[in-house]
Amino acid sequence: MDGHGPARPLSPNAAPTEMALDGFLASVERRAFRMAELALGHREDALDAVQDAMIAFLGYRERPQSEWPALFFSVLRSRITDRHRRNTVRRRVLAVFGVRDEEEAEDPMAQLADSAPGPAEADERERAWKALGLALRALPRRQREAFLLRELQGLSGGETAAAMGCSEGSVKTHLFRAQAALRAQLDDWR
Amino acid sequence: MSTPDDPILHRARALFEAQAEAVDGPTATALRARRRDALATRPRRRHSPWWWPASGMATAALAVVLWLPRTGGPTADPAPPGGANGPVGSTPALPPPAEPTVALPLEAEAARFADTALVELEDDAEFYAWLATVPDDAGRPTDTPALPDTGPNEGLTL
């Protein structure tokens with residue numbers, strides 16, 4: 001968790017919980033955004049999902065701070081799933097009318113990555129990032145969630161199970177299958 | 001499970017960490033703005049909506065309405081041993097256990113109706129066996145000419 005500064009200077013009279021909340025959200029927002037971006041494949045959708053998760057997470061502000069990371073990523077997982085389903089329905093409805101989903105087709109993030117000049121290393125990283133996103137989005141939802149939470153966010157097995165609402169054994173199964181599928185899809189990474 | 005030196009998983013983790021660190025300026029600004037908006041949002045109180053009790057009562061009323069016709073209505077309980085005005089705190093006599101009144105699906109209702117019809121058929125098996133041996137014109141007076149074939153209501157005078 002990286003420690004980025006608060007969004008705005010809080011007043012000296014701000015409640016300790018609010019300051020702690022601001023600091024916590026600042027520390028997880030970038031990782032949360034990258035996780036949502038990998039799962040959704042769209043920058044604006046990812047930003048919306050992170051903001052929705054932040055708002056919903058405020059309802060748990062009274063919980064012990066040690067539980068916040070698992071709670072936040074549990075909420076984020078739920079918001080990503082909601083947005084994923086909404087996008088699926090939207091694509092199907094648009095397909096019925098023969099309309100192309102412009103939001104999906106014209107991802108400004110992808111355009112930015114393609115057009116921005118940069119060193120070869122950055123280009124290579126962007127390509128790898130896109131490949132990872134495509135491979136993850138090709139996975140079944142539960143496998144993708146297990147991989148994102150356990151492998152990339154670094155939650156423990158118990159925290160991942162709590163966030164996904166299943167047993168630790170199920171998490172291990174989903175994770176094992178996800179890893180096997182990713183090894184097959186990203187074989188050129190070896 | 002994965003081995004710690006699995007190159008693909010190792011690279012995926014390293015890539016994720018690098019990308020989380022290297023968020024571009026516009027995205028970082030957008031994230032800060034959205035965090036500010038989220039924190040400015042008044043947290044919604046997590047309490048039961050006002051309509052939960054009303055919906056519970058409506059469900060209970062519907063259950064009673066569906067239950068009454070099936071059981072013929074609530075029957076008057078027999079007076080408890082101590083009389084209707086028994087001592088305060090005494091345990092009233094429990095009614096005998098009734099048959100479950102769970103609403104049956106349509107298939108189950110049809111199967112139950114068929115079972116009942118079969119039982120009645122078996123009870124009157126002797127009658128139906130006799131009926132099968134009787135010719136169709138049996139019982140008709142011999143001096144009455146047979147009626148011509150007519151429609152179901154023709155020739156009937158009421």
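Letters A, B, ... mirror the listed sequences (proteins, then strands); counts begin at 1.
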Practice task
Start with the C-alpha gap between A:W68 and A:F57, add the side-chain angles, then the distance that decides, and say whether ring pair (Phe, Tyr, Trp, His ring centres under 6.0 Å) holds.
Solution key: CA-CA 9 Å; A:W68 283 2; A:F57 172 74; 5.8 Å; yes

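- In this structure, the portion of A:F147 lying under 4.5 Å from any heavy atom of chain B is its side chain and not its backbone.
- Side-chain atoms of A:R142 come within 3.5 Å of backbone atoms of A:M164 as a donor-acceptor pair (strictly under, hydrogens ignored).
- Side chain of A:E159 to main chain of A:S156: a donor-acceptor pair is present (N/O by atom type, distance under 3.5 Å, no hydrogens or angles).
- Residue contact with chain B, scored on non-hydrogen atoms closer than 4.5 Å, involves the backbone and the side chain of A:L25 alike.
- A salt bridge (charged side-chain N to carboxylate O under 4.0 Å, His left out) check over residues 65-76 of chain A, counting only residues at least two apart or in different chains, returns the pairs A:R63-A:E67.
- Heavy atoms closer than 4.5 Å to chain B are found nowhere in A:L136, neither backbone nor side chain.
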